[in-house]
Enquirer: 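Dropping a structure here in structure tokens format, bear with me for questions.
All residue numbers refer to positions in the sequence shown, counting from 1. Whatever order the structure lists them in is the order used to number ligands and atoms, beginning at 1. Keep in mind that the numbers below use all heavy atoms, side chains included, and drop hydrogens, waters and symmetry copies.
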Amino acid sequence: MHILFPYDGYEHLGIGYLAAVAQRKGHTVDLLRLPIGDYIRGYRPFDNRAMGRTVAAIIEKKPDIVAFSLNSFQADAFIRLAKALRDCTIRTIAGGPHATAEPELTLETGAFDGLIAGEAEAVFCEAIEYIVSGRGECPPWLHTGMRSAVMRAPLPDIHTLPPPAKELFYRHAGFEAEDYKVIASRGCPYHCTFCSHTPIPGEPPYRKRRPDDIIEELKRAREMFAPSTVYFLDDVFTLDREWLASLMEAYRVQVGIPFHAITHPVHFNLEIAGLLRSAGCFALRLGIQSVTPAVKQRLGREEENVQVADAIAAARRCGIRVEVDHMVNLPGESFEEGRQGVLFYNDHRPDTIKVYWLTPLPGTKLLSQLQVEGKISVEEAMDIRRGRGLGRHSYLFDSGRAYSDPRWTGIHFLLVLLPFLPGWLVRALVFIKADRVLRFLPFVVVVGFSRFLNVIRGGDRVGLAHMKRMLAGFWGRL
Ligand code: B12
């Protein structure tokens, strides 16, 4: 069978794993990059010409089935394309975070022959064989236009999965191979109200791969692709200390490629920083989101600010670059509290502050809360749940958001510029509430400039990849 995955230009481990299990079963897999923008610039809907060209390009590839991995930002564009394909009698299947959060609403669009909620490696081949042949009995985990599934997909055994099919992505964008993305564990035990990847009742909240298997994957990667860095995309890479210690020791001896990772401040201290550093960690991304205690509590964030401060200090002491993820526009947070947040970071000095505007995602507690509190209307919430409300969101442009107060823009600017400014200047800017004026500066210039500085200062591999991806897209259009 020939399977086609349309995608938005970002290497995607979920697609990579599904492609690998399909290839192992003898199916062929192809990718098609869609002209729909990206989350840096915002997604744009297909116009008629682009839609016609894309459908024609897909028909030419003669897929037996087109498989869509939906996140809530590009879901609208993908659903419209899937509908157009189904009108041409091409079979379609959906999965991914958006489809998992809203299976019924996604199927109601009439765009898909089938949908799987949750991790799909164990059942993907059976699902596409059932959809394409139309024979046999519909499996209990497969949502179809006729009925909802009675259960989520059974979890795959992560110890027996083949490595993700990287070549598919590298063929389209060679630079992705410079930073090898790997996932060493799946799941996160925390219940942050804004996150759509919280534990599911009845499923283990956190599963880790065997260190030997991870090392094997990375040794193979080194031989095949010679990456200059490795990126661990686990939700909380440092959650299990014993496991981490044995992985890091093996990594240091057998892999030795500089790496970066993502973790939670509660699971980070000087000892863990030392472990990571001795194995070659050069940067760490910490999810902080807010430093206002009442707001953190509402978001389901358990850590104290002193733990955040200690985590930043521990990384810096060991020479690991610290990037923090911080959110603005949080319900219940005042601008004065936002400014206090700027002062907190000014005292502890992470190397980069990545600022995100709170975005209520489908399936999250936060979306229901905002709706109950009347902060977003029932219609807006439904649009988000249908995958229509978030597409225009952009990291780089002030493009309008589902739920936002533009006055946070000034605080956003202070946060992204902070690492490049002396402490006294930041204190003075906060003292005079400069955010009230700064917010009128051009968004793209301030945010783009700060990100660019991070890239040239070194260490921001993700920012570097964004730049290359954008240049490649621009080049392709010339
Ligand atoms: C790594 C990561 C990124 C990376 C790479 C993104 C990518 N395209 O893979 C970067 C940094 C670029 C990124 C960016 C963004 N991300 Co992100 N990211 C993650 C993260 C931490 C891990 C993803 C991963 O690799 N998982 C491991 C693989 C194996 O799982 P998977 O991708 O979910 O795939 C499995 C299933 O979903 C299913 N499946 C997936 N596709 C399909 C397709 C079919 C047909 C089927 C049947 C099944 C199926 O089977 C797969 C195998 O088990 C997740 C959180 C998480 N732990 O999942 C967030 C997450 C996916 N990101 C999220 C978001 C919101 C974003 C951004 C919009 C951030 C922003 N606000 O700017 C952008 C969107 C960019 C984009 N183009 O996707 C949300 C998505 C929520 C939603 N409802 O859409 C998540 C779930 C985080 C969250 N806390 O809520 N992200």
Enquirer: Quick one: which ligand 1 atoms are inside 4.0 Å of a heavy atom on Cys195?
Expert: 88 (C), 89 (N), 90 (O)
Enquirer: Atom 29 (C) of ligand 1: protein heavy atom closer than 4.0 Å?
Expert: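 For atom 29 (C) of ligand 1 the answer is yes, since some protein heavy atom falls inside 4.0 Å.
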Enquirer: At less than 4.0 angstrom from any non-hydrogen atom of Asp235, what atoms of ligand 1 do you find?
Expert: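 By the 4.0 Å cutoff, the relevant atoms are 21 (C), 55 (C), 56 (C), 57 (N).
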Enquirer: Quick one: which ligand 1 atoms are inside 4.0 Å of a heavy atom on Leu13?
Expert: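 Per the distance check, 25 (O).
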Enquirer: When you compare ligand 1 with Ser196, is there at least one nitrogen or oxygen pair between them that comes in under 3.5 angstrom?
Expert: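 N/O-N/O distance under 3.5 Å: yes.
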Enquirer: Heavy-atom contacts under 4.0 Å between Ala94 and ligand 1: side chain, backbone, both, or neither?
Expert: backbone
Enquirer: Regarding ligand 1, does Tyr10 bring an N or O atom to under 3.5 Å of one of the ligand's N or O atoms?
Expert: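 Tyr10 vs ligand 1: no N/O contact under 3.5 Å.
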Enquirer: Regarding Asp64 and Arg91, does a basic nitrogen lie under 4.0 Å from an acidic carboxylate oxygen?
Expert: no
Enquirer: What residue and atom, counting heavy atoms only, is the protein's closest point to atom 32 (O) of ligand 1, and at what distance?
Expert: His12 CE1, 3.4 Å
Enquirer: Applying a 4.0 Å heavy-atom criterion (strictly less than), which segment of Leu18 is in contact with ligand 1: side chain, backbone, both, or neither?
Expert: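 The side chain, only.
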Enquirer: For atom 50 (O) of ligand 1, which protein heavy atom lies nearest, and how many Å away is it?
Expert: Ala120 N, 3.2 Å
Enquirer: Do the side chains of Lys166 and Glu176 get close enough for a salt bridge, i.e. N-O under 4.0 angstrom?
Expert: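 Here Lys166 does not pair with Glu176 in a salt bridge, since their nearest N and O are not under 4.0 Å apart.
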Enquirer: Output yes when Asp30 and Lys61 qualify as a salt bridge under the 4.0 Å nitrogen-oxygen rule, no when they do not.
Expert: yes
Enquirer: If you have a sec, work out which protein heavy atom is nearest atom 70 (C) of ligand 1 and how many Å separate them, to one decimal?
Expert: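 For this ligand atom, the closest protein heavy atom is Tyr39 CD1, 3.8 Å.
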Enquirer: Should one rank Arg186, His197, Arg385 by closest heavy-atom distance to atom 58 (O) of ligand 1, which comes out on top?
Expert: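 Ranked by closest heavy atom to atom 58 (O) of ligand 1, first place is His197.
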Enquirer: For atom 5 (C) of ligand 1, which candidate among Glu11, Glu121, His98 provides the closest heavy atom?
Expert: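 The residue whose heavy atom sits nearest atom 5 (C) of ligand 1 is Glu11.
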Enquirer: Considering only non-hydrogen protein atoms, determine which one is nearest to atom 4 (C) of ligand 1 and report residue, atom name and distance to 0.1 Å.
Expert: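 Nearest neighbour among protein heavy atoms for atom 4 (C) of ligand 1, to 0.1 Å: Leu233 CD2, 4.9 Å.
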Enquirer: Does a side-chain N-to-carboxylate-O contact under 4.0 Å join Arg152 and Glu203?
Expert: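 Yes.
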Enquirer: Do the two ring centres, one from Phe237 and one from His267, sit under 6.0 Å apart?
Expert: no
Enquirer: I want to confirm something. Looking only at heavy atoms, which of Phe232, Phe73, Phe112, Phe68 is nearest to atom 43 (C) of ligand 1?
Expert: Phe68
Enquirer: Indicate, with yes or no, if the rings of Phe282 and His260 have centres closer together than 6.0 Å.
Expert: yes
Enquirer: When you check the gap from the basic side-chain N to the acidic O, do Glu119 and Arg207 get nearer than 4.0 Å?
Expert: yes
Enquirer: If you take the centroid of each ring, where Trp contributes its six-membered ring, are Tyr170 and Phe175 closer together than 6.0 Å?
Expert: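 No, they do not, as the ring centres are separated by 6.0 Å or more.
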Enquirer: Protein heavy atoms: any of them under 4.0 Å from atom 81 (C) of ligand 1?
Expert: yes
Enquirer: Are Arg407 and Asp405 within salt-bridge range, i.e. N to O under 4.0 Å?
Expert: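 A salt bridge is present here (some side-chain N lies under 4.0 Å from a carboxylate O).
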Enquirer: Quick test of your reading of the model: are Arg386 and Asp383 salt-bridged, counting only N-O distances below 4.0 Å?
Expert: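 Looking at Asp383 together with Arg386, the answer is no, because their closest N to O distance does not fall below 4.0 Å.
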Enquirer: In terms of atom number and element, which parts of ligand 1 are under 4.0 angstrom from non-hydrogen atoms of Asp8?
Expert: 76 (C), 77 (N)
Enquirer: Taking Lys181 for its side chain and Asp179 for its backbone only, find out whether a donor-acceptor pair lies under 3.5 Å.
Expert: yes
Enquirer: Please say whether Ser69 places an N or O atom under 3.5 Å from an N or O atom belonging to ligand 1.
Expert: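 N/O-N/O distance below 3.5 Å exists for this pair.
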Enquirer: Using a strict 4.0 Å cut-off to heavy atoms of Asn71, name the atoms of ligand 1 that fall inside it.
Expert: 74 (C), 76 (C), 78 (O), 84 (O)
Enquirer: Hey, would you say the Tyr43 and Phe73 ring centroids sit under 6.0 Å apart?
Expert: no
Enquirer: Using a strict 4.0 Å cut-off to heavy atoms of Leu361, name the atoms of ligand 1 that fall inside it.
Expert: 81 (C), 90 (O)
Enquirer: Can you list the ligand 1 atoms lying under 4.0 Å from a non-hydrogen atom of Gly118?
Expert: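 The list of qualifying atoms is 36 (C), 38 (C), 50 (O).
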Enquirer: Below 4.0 angstrom, counting only protein heavy atoms, does anything approach atom 2 (C) of ligand 1?
Expert: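 No, there is no protein heavy atom closer to it than 4.0 Å.
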Enquirer: When the ring centroid of His326 is compared with that of Tyr345, is the distance short of 6.0 Å?
Expert: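 Yes, the ring of His326 comes within the 6.0 Å limit of the ring of Tyr345, centre to centre.
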Enquirer: Only heavy atoms of Ala67, strictly under 4.0 Å: list the atoms of ligand 1 that pass.
Expert: 45 (C)
Enquirer: For Arg33, is there an ion pair with Asp8 - N to carboxylate O distance below 4.0 angstrom?
Expert: no
Enquirer: Nearest heavy atom to atom 33 (O) of ligand 1 wins, so pick from Ser72, Pro97, Gly37, Ala19.
Expert: Pro97
Enquirer: Looking only at non-hydrogen atoms, which of Gly114, Gly95, Ser185 approaches atom 44 (C) of ligand 1 most closely?
Expert: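 Closest candidate by heavy-atom distance is Gly95.
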Enquirer: Among all the protein's heavy atoms, is there at least one whose distance to atom 56 (C) of ligand 1 comes out below 4.0 Å?
Expert: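 Under 4.0 Å from atom 56 (C) of ligand 1, at least one protein heavy atom found.
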Enquirer: Can you check whether a protein heavy atom sits less than 4.0 angstrom from atom 75 (C) of ligand 1?
Expert: yes
Enquirer: Flag atom 7 (C) of ligand 1 as yes if some protein heavy-atom distance to it falls below 4.0 Å, otherwise no.
Expert: yes
Enquirer: Could you see which bit of Tyr43 sits under 4.0 Å from ligand 1, with heavy atoms only: side chain, backbone, both or neither?
Expert: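 Tyr43 to ligand 1: side-chain contact only, backbone stays beyond 4.0 Å.
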Enquirer: Does the protein put a heavy atom less than 4.0 Å from atom 38 (C) of ligand 1?
Expert: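 Given the 4.0 Å limit, the answer for atom 38 (C) of ligand 1 is yes, a protein heavy atom qualifies.
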Enquirer: Please report whether atom 18 (N) of ligand 1 has a protein non-hydrogen atom at a separation of less than 4.0 Å.
Expert: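 No, no protein heavy atom sits under 4.0 Å from atom 18 (N) of ligand 1.
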Enquirer: Verify whether the ring centers belonging to Phe112 and Phe68 lie closer than 6.0 Å.
Expert: yes
Enquirer: Can you pull out the closest protein heavy atom to atom 34 (O) of ligand 1? Residue, atom name and distance to 0.1 Å, please.
Expert: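 Of the protein heavy atoms, Gly14 CA, 3.3 Å lies nearest.
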Enquirer: Side-chain contact test, heavy atoms from C-beta onward, threshold under 4.5 Å: evaluate it for Lys83 versus Phe78 and give yes or no.
Expert: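 Side chain of Lys83 against side chain of Phe78, heavy atoms only: no contact under 4.5 Å found.
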Enquirer: Which residue and non-hydrogen atom of the protein lie closest to atom 26 (N) of ligand 1, and at what distance in Å?
Expert: Ile183 CD1, 4.0 Å
Enquirer: Under a 4.0 Å N-O cut-off, is there an ion pair linking Asp76 with Arg80?
Expert: yes
Enquirer: Ring centroids only, cut at 6.0 angstrom: are Tyr251 and Phe259 within range, meaning strictly under it?
Expert: yes
